[in-house]
Amino acid sequence: MTALAPSRDHGRPEREGDLPAYDPAVVEAGWQARWQRQGMYDVIEDPTRPKYYCLDFFPYPSGDGLSVGHCRNYVPTDTLSRFLRARGYNVLHPMGWDAFGEPAEQYAVSQGVHPRVTTDRNAANYRRQYDLIGISFDWSRELDSSDPDYYRWTQWIFTRLYRKGLAYRDANWQWWCPGCQTTLSNQEAQDGVCWRGHTGLTKRQIPAWYFRITAYADKLLDGLETIDWPDRIRAMQSNWIGRSTGVQVEFASESGIPLPIFTTHPDTLFGVTFMVIAPEHPSLPDLVTDDHKAEVEAYVEASRKASEIDRLATDRPKTGVFTGSYAINPLNGDRVQVWVADYVLATYGTGIVMGVPAHDKRDFVFARTYGIPIKLVVRPLDWDDSKTGNDLPDAYTAPGIMVNSPGFDGMMSPGDWPKLGPNEKAELSTRWGFAVADMDARVGSATDNAITAIGDAVVARNAGKRVTNYRMRDWLISRQRYWGAPIPIIHCDACGEVPVPEDQLPVELPAMVDFMPDGTGRSPLARAEDWVRTTCPTCLAPARRETDTMGGFACSSWYFLRFASPGYKEGPFRPGDMDYWLPVDQYVGGAEHAVLHLLYSRFWTHFLHDEGMLPFAEPFTRLRNQGMLVVKTPHRRASDENATEDWVPITAAEAATLGPEAVTMRAAKMSKSLRNVVTPDEMVARYGADSLRLYELFMAPFDQEVEWSEEGINGARRFLGRVWDLVVRWHAAHDGATSGEPDTALVRLQHKTIARVTRDMERFRFNTMVAALMEFANALGERMRTGNARTGDFAAATEALVRLLAPTTPFFSEALWQLTGGFGRARSGGITAGDPSAPFATDGPGSIHAQAWPEWDEALARDETVTIAVQVNGKVRDRIEVAAGTSEDDVRAAALERPRVREFVPDPEAARYHHVADRLLSIVVAKA
RNA sequence: GCGGAAGUGGUGAAAUGGCAGACACGCAAGUCUUAGGAACUUGUGCCUUCACGGGCGUGCGGGUUCAAGUCCCGCCUUCCGCACCA
């Protein structure tokens with residue numbers, strides 16, 4: 001062993017003994033093809049084994065290919081899949097293409113080629129990259145959402161939704177993206193900007209198809225409690241659904257026009273001094289009196305023209321005009337003005353609100369602007385009764401006592417009390433002289449809490465009812481674009497809308513040379529006249545096909561089901577496959593789909609569950625989001641004063657023209673336009689796929705944003721080089737004989753490491769898993785250096801290391817496994833795959849990826865001696881070595897024999913002791 | 001404004017209430033080299049000390065505890081999502 005000098009150089013063949021140096025290019029060639037040809041990752045149902053469904057988000061195959069940022073998704077899930085296979089699970093780990101949709105179509109247009117061609121080309125490139133970095137997908141289940149065999153079933157599910165009244169057509173105002181030339185859903189219209197990054201959304205009144213996702217609001221909200229998802233995503237979905245309970249109160253105009261309002265604060269009903277109706281509300285024209293007609297029409301027209309971005313700004317001055325009508329408060333008969341104002345949303349609640357300026361911030365501002373009276377109904381406890389509501393400096397929203405509300409005066413209005421923290425509650429109670437517990441009791445009381453009491457009174461007097469409202473709107477699915485699944489509906493003059501019968505599906509997308517939108521808001525499909533012309537399935541009369549297509553989010557709302565039954569002809573999926581494979585055990589992707597794909601998929605799955613087609617309602621049992629990978633990028637100061645950011649990222653080329661003082665380096669997201677993308681292709685060429693994988697896992701906690709570092713990946717490469725040399729040198733020197741001496745410390749570390757790696761893998765702690773492997777390898781390296789590598793325990797530990805590394809570094813581990821003949825189990829082989837189509841040799845060790853995961857023994861992992869820290873008054877003063885499990889009395893005695901300890905403990909009898917077995921002894925002595 | 005997450009060395013980060021900084025990156029010194037942007041060895045939180053040692057340290061301020069990065073209360077800061085939702 002000592003005859004072997006430390007390796008000196010990588011990539012040079014002149015080392016002694018012709019030991020192969022670690023060369024990723026040699027090591028990685030051919031294995032992937034060999035694993036795949038032998039179907040090692042193709043799975044079939046096997047009731048004798050537990051299943052595990054490990055799924056990545058469905059990618060749209062972009063023309064840019066994968067970056068190392070994408071690898072932060074795929075490397076951990078692949079490592080987990082390989083780990084679980086070794087642990088005996090039947091692992092479904094599939095991949096496919098979210099190929100329909102505007103991005104694919106836009107890219108095809110930019111290349112001047114049909115999207116079918118670019119989609120296939122891009123998918124092939126993605127697959128090449130996945131193979132390059134060693135991802136173990138079951139490609140026999142590959143899917144493409146733009147394949148008629150797939151979208152046939154997307155359309156089939158659409159017709160099922162339609163028959164249940166959950167798909168409908170509506171000609172209301174829709175979000176319209178001039179860049180994409182199509183309508184968008186609310187979720188895709190973010191801050192008045194299209195989610196694809198175009199600017200300046202407008203609204204257009206054209207017919208569009210919707211899914212009635214609001215019918216599932218309660219189920220989608222309640223289901224969040226049952227799934228293991230990040231708090232952030234669950235909170236976002238919960239906020240998006242926005243359930244809010246209150247009462248609907250039936251106000252009416254003097255002329256009898258109903259003016260229902262929704263409020264969560266019925267306690268302030270006696271404080272109503274005006275009403276406001278949204279400009280788009282259908283009842284508005286009936287309310288406007290002749291002398292206010294011109295003014296109101298001008299206001300409505302102006303608010304329609306205001307850009308959507310302006311209308312979304314919350315700090316905008318509140319404007320409105322009087323309609324000339326008056327409303328009657330059903331509780332007290334008060335006669336109040338009805339105004340029209342665009343701070344009221346037509347699409348939430350009833351589109352009409354009551355104005356309570358004394359106790360609502362928005363209403364306060366509005367009333368002050370237009371000189372509307374302010375009536376106090378919740379009296380602050382330090383209120384000066386010589387003042388009136390008009391003297392309020394701001395809306396009063398804190399708790400108080402009801403006044404000016406006949407029948408309810410003296411009750412408690414909780415205001416924002418339930419939201420206050422303990423300290424704020426205590427502060428209020430000190431200031432106003434009540435006990436926090438009393439207040440909590442009054443707020444919880446049905447008779448003393450005015451929200452409850454007045455709510456009850458509204459119902460009892462037949463003036464309204466309790467209702468629940470949701471912020472979530474229905475899901476607009478229509479796209480006036482070519483590259484999508486056609487909506488399977490036929491319009492017949494006699495029968496109206498008729499869903500295409502199941503046996504006539506799919507409605508195939510017609511071949512079109514020119515599929516660009518023409519700017520009219522009509523789908524390009526409308527120009528395919530032969531395709532549009534059809535017969536009504538019901539009455540056989542001439543009829544026309546629906547020409548809108550479905551947005552891509554429809555296609556991706558069920559793909560995870562199809563992976564379990566690829567190619568199934570009798571339905572979207574085979575029931576038995578659902579029982580075995582679904583739901584998805586582990587789902588991984590970026591956080592940007594929180595209220596898009598992740599909400600839509602849940603909706604479709606709940607629906608299919610209600611249809612009796614699925615034995616589960618929640619599709620994704622456990623969800624994790626990988627952290628973003630950012631990269632140092634030059635930034636210049638923002639020139640636009642309206643910009644929200646001070647610094648904007650630029651290309652290196654632009655930075656060079658600006659000079660160093662105008663440029664600063666900051667982290668930015670990788671993007672093609674900034675030319676700061678790091679690709680797996682370059683990293684594999686320079687460091688190898690295994691180093692890339694190892695570094696992706698090690699760089700930071702899985703879910704945390706982190707900056708790309710090329711020094712970091714080089715460190716991973718160095719680590720693998722050291723392990724390589726270790727194994728290769730051990731193997732070269734190993735003649736089957738061992739020194740026979742035990743190395744119990746190494747055995748202990750081996751068992752500890754297996755336990756740590758296993759637990760970290762299960763908990764998604766890939767960074768600490770790698771750290772554990774490094775510590776283990778360092779211990780082996782130490783023994784190699786000190787000539788202590790001849791023991792049988794060393795051989796076992798080295799084998800364990802290579803097997804523990806296998807899920808993380810599949811090529812590297814396979815090569816070492818083959819080289820050592822599976823650590824002496826079989827004939828030793830070379831480190832390359834040889835002919836990728838040849839099966840593993842029958843006299844060889846087989847693939848390492850078919851081996852079982854190493855076992856550990858808690859007894860062997862346990863320390864024999866432990867170091868006890870001895871604290872005196874909280875400070876560590878000494879450490880003592882004792883046998884594990886030593887009793888407190890013995891530890892105490894041992895500690896008190898130490899001079900360092902006695903120095904601080906003059907009187908052991910007077911001290912107090914706290915003992916934590918095998919860890920620490922804390923001695924407390926009274927201060928002098 | 002509402003909701004969520006997070007603040008630990010020069011950097012990425014570890015740490016079932018029990019010895020803060022594991023494991024790396026970087027840096028420094030050294031070894032080997034014709035050479036080093038290679039490899040290997042040693043060191044590396046801050047202050048203090050020739051040294052042994054001592055003191056201080058997990059955003060800030062309180063609290064609970066023998067013991068707090070971790071639990072409780074209140075602030076501050078950053079990031080993310082939603083935002084006139086009545």
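Per chain, numbering begins at 1; letters A, B, ... match sequence-line order.
Take A/Lys632 and apply the salt bridge (charged side-chain N to carboxylate O under 4.0 Å, His left out) test, not counting sequence neighbours, and it matches A/Glu707. When the ring-ring contact (aromatic ring centres under 6.0 Å, His included) test is applied to A/Trp229, no partner is found at least two apart in sequence or on another chain. With sequence neighbours excluded, the residues satisfying side chain to side chain contact (heavy atoms under 4.5 Å, CB included) with A/Arg877 are A/Val872, A/Lys875, A/Arg900, A/Phe904. Among residues two or more places apart in sequence or in another chain, the side chain to side chain contact (heavy atoms under 4.5 Å, CB included) test is passed with A/Thr808 by A/Thr79, A/Leu694, A/Leu697, A/Met769. A/Arg756 meets the side chain to side chain contact (heavy atoms under 4.5 Å, CB included) test with A/Ala772, A/Glu775; sequence neighbours excluded. With sequence neighbours left out, the side chain to side chain contact (heavy atoms under 4.5 Å, CB included) criterion links A/Ala917 to A/His915. Residues satisfying the salt bridge (charged side-chain N to carboxylate O under 4.0 Å, His left out) criterion with A/Arg748, sequence neighbours excluded, are A/Glu864. Checked against ring-ring contact (aromatic ring centres under 6.0 Å, His included), A/Phe702 has the following partners two or more places apart in sequence or in another chain: A/Phe764.
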Wobble G-U and Watson-Crick pairs count when both distances are under 3.5 Å; given that, what is the 5' to 3' dot-bracket string of RNA chain B, with | for pairing to other strands?
(((((((..(((.....[....)))((((((.......))))))((((....))))..(((((..]....))))))))))))....

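A/Glu707 comes within contact range of no nucleotide atom at all, as no heavy-atom separation falls under 4.0 Å. Across all strands shown, A/Arg471 has heavy atoms under 4.0 Å from base atoms, whether or not it also approaches the sugar-phosphate. The residue A/Asn469 sits apart from the nucleic acid: no heavy atom pair falls under 4.0 Å. When heavy atoms are screened at a 4.0 angstrom cut-off, A/Val353 is found touching base atoms of the nucleic acid. A/Asn778 comes within 4.0 angstrom of sugar-phosphate atoms only, judged by non-hydrogen atoms across all strands, and of no base. Using a 4.0 Å heavy-atom distance criterion, A/Gly712 is classed as making no nucleic acid contact.
With hydrogens and angles ignored, no donor-acceptor pair closer than 3.5 Å exists between the side chain of A/Lys361 and the base of B/C84. With hydrogens and angles left out, the side chain of A/Arg879 and the base of B/C19 share a donor-acceptor pair within 3.5 Å.
In terms of modelled atom types and a separation under 3.5 Å, the side chain of A/Asp760 and the main chain of A/Phe766 share no donor-acceptor contact. Looking at A/His359, its side chain never comes within 3.5 Å of a backbone N or O of A/Thr397 through a donor-acceptor pair. Put simply, the side chain of A/Tyr687 never gets that close to the backbone of A/Pro24: no donor and acceptor are under 3.5 Å apart.
In terms of phosphate contacts, A/Arg717 brings no side-chain nitrogen or oxygen within less than 4.0 Å of OP1 or OP2 of B/A38. Put simply, A/Tyr348 has a side-chain N or O that comes within less than 4.0 Å of OP1 or OP2 on B/A86. Contact between the side-chain N/O atoms of A/Arg785 and the OP1/OP2 oxygens of B/U41 is found at a separation under 4.0 Å.
Of the residues in residues 756-765 of chain A, A/Arg765 come within less than 4.0 Å of RNA chain B through at least one heavy atom, sorted by number.
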What N/O pairs connect the protein and nucleotides 6-12 of chain B at under 3.5 Å? Give each pair on its own line.
residue	atom	partner	partner atom	Å
B/G12	O2'	A/Met699	O	2.3

Please list, pair by pair, any protein nitrogen or oxygen found under 3.5 Å from a nitrogen or oxygen in nucleotides 53-59 of chain B.
residue	atom	partner	partner atom	Å
B/G54	OP1	A/Arg900	NH2	2.6

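Between the NE2 atom of A/His914 and the C1' atom of B/A68 there is a distance of 15 Å, rounded to whole Å.
Atom NZ of A/Lys425 is surrounded by more than 12 heavy atoms from other residues, nucleotides or ligands within 6.0 Å.
For the residue pair A/Tyr695 / A/Asn714, no side-chain donor-acceptor distance below 3.5 Å is found, with atom types taken as modelled. Remark: the A/Thr214 side chain and the A/Asp474 side chain contain an N/O donor-acceptor pair separated by less than 3.5 Å.
The nearest heavy atom of RNA chain B to A/Ile352 and to A/Ala772 marks one nucleotide each, and the one closer to the 5' end goes with A/Ala772.
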